[in-house]
Amino acid sequence: MIKPSAPIILDSRQGRALWHLGALLSFKALSEETGGQYWALEGLADKHMAVPLHAHSREDEIWFVLEGEIAFYLGEEVRIGGPGTFVYIPRNVPHTFQVRSETARWFGFGLSGNLDQWFFETGEPAQTLTLPPQPAGPPSEAAVNAIVASLKAYGTETLGPPPAG
């Protein structure tokens, strides 16, 4: 059963903040609050941030770059987006991104999916509204395999490594 949505108004520093894979993610709306229609977040990451190539089977994504530069890899196309860049990624399109500037900030939506729950399962509550501390080293193979397996439960297939620097 889908619950009816209620209005949401949050100030710039409000939301449910997580440290997740090197980024600060501040969720402004969760899928459970929008009747499963979407989730929304503001993200902040530095130039170390890049995610593996992947595709979602249950949701589309929308990105809007607020600050900095982000390289978007969409199928065979690579585009560098600065402030004001809008990106729509339909489900089943292989994609990834990489922060190219010292830091970048974006606003993102997941449409018709519940991948937001995955972020809460695999992230940790942010201690401050800043980037998380840098890890001591790269993740172990077991940690990477656990992330890949957990994504499958949310209809996301990992297709390859993150883009190289």
Donor-acceptor contacts under 3.5 Å from residues 139-148 side chains, at least two apart:
residue : atom : partner : partner atom : Å
Ser140  : OG   : Ala143  : N            : 3.0
Asn145  : ND2  : Glu141  : O            : 3.3

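- Of the possible polar contacts, one joining the Gln127 side chain to the Pro125 backbone as a donor-acceptor pair under 3.5 Å is found.
- A donor-acceptor contact shorter than 3.5 Å is absent between the side chain of Asp46 and the backbone of Glu102.
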query = Taking it one step at a time, do Thr34 and Phe109 satisfy side chain to side chain contact (heavy atoms under 4.5 Å, CB included)?
reply = CA-CA 12 Å; Thr34 66; Phe109 293 89; over 6 Å; no

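- Here Asn92 pairs with nothing under the side-chain hydrogen bond (donor to acceptor under 3.5 Å, both in side chains) rule; sequence neighbours left out.
- Every residue meeting the side-chain hydrogen bond (donor to acceptor under 3.5 Å, both in side chains) condition with His54, not counting sequence neighbours, appears here in chain and number order: His56, His95.
- Counting heavy atoms from C-beta outward, Thr85 and Arg79 have side chains that stay 4.5 Å or more apart.
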request  = Start with the C-alpha distance between Leu30 and Arg16, add both sets of side-chain angles, then the distance that settles side chain to side chain contact (heavy atoms under 4.5 Å, CB included), and finish with yes or no.
outcome  = CA-CA 9 Å; Leu30 302 176; Arg16 282 124 318 191; 3.8 Å; yes

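- By the 4.5 Å heavy-atom criterion applied to side chains, Leu24 and Trp19 are counted as neighbours.
- Inter-residue side-chain proximity for Trp63 and Ile70 is flagged as met; some heavy-atom pair is nearer than 4.5 Å.
- Lys152 contributes no side-chain N or O that, together with a main-chain N or O of Thr158, makes up a donor-acceptor pair within less than 3.5 Å.
- Remark: Arg105 pairs with Glu42, Glu67 by the side-chain hydrogen bond (donor to acceptor under 3.5 Å, both in side chains) rule, at least two apart or across chains.
- Residues passing the side-chain hydrogen bond (donor to acceptor under 3.5 Å, both in side chains) test with Thr130, sequence neighbours excluded: Thr128.
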Going by atom type alone, with no hydrogens or angles, which donor-acceptor pairs under 3.5 Å involve a side-chain atom of residues 110-120 and a protein atom two or more places apart or on another chain?
residue : atom : partner : partner atom : Å
Asp116  : OD1  : Ser31   : OG           : 2.9
Asp116  : OD2  : Ser31   : N            : 2.7
Asp116  : OD2  : Ser31   : OG           : 3.2
Trp118  : NE1  : Ser150  : OG           : 2.8

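- Pro163 approaches Ala50 most closely through the heavy-atom pair CD-CB, 4.1 Å.
- Side-chain N or O atoms of Lys28 include one that pairs as donor or acceptor with a backbone N or O of Ser12 at under 3.5 Å.
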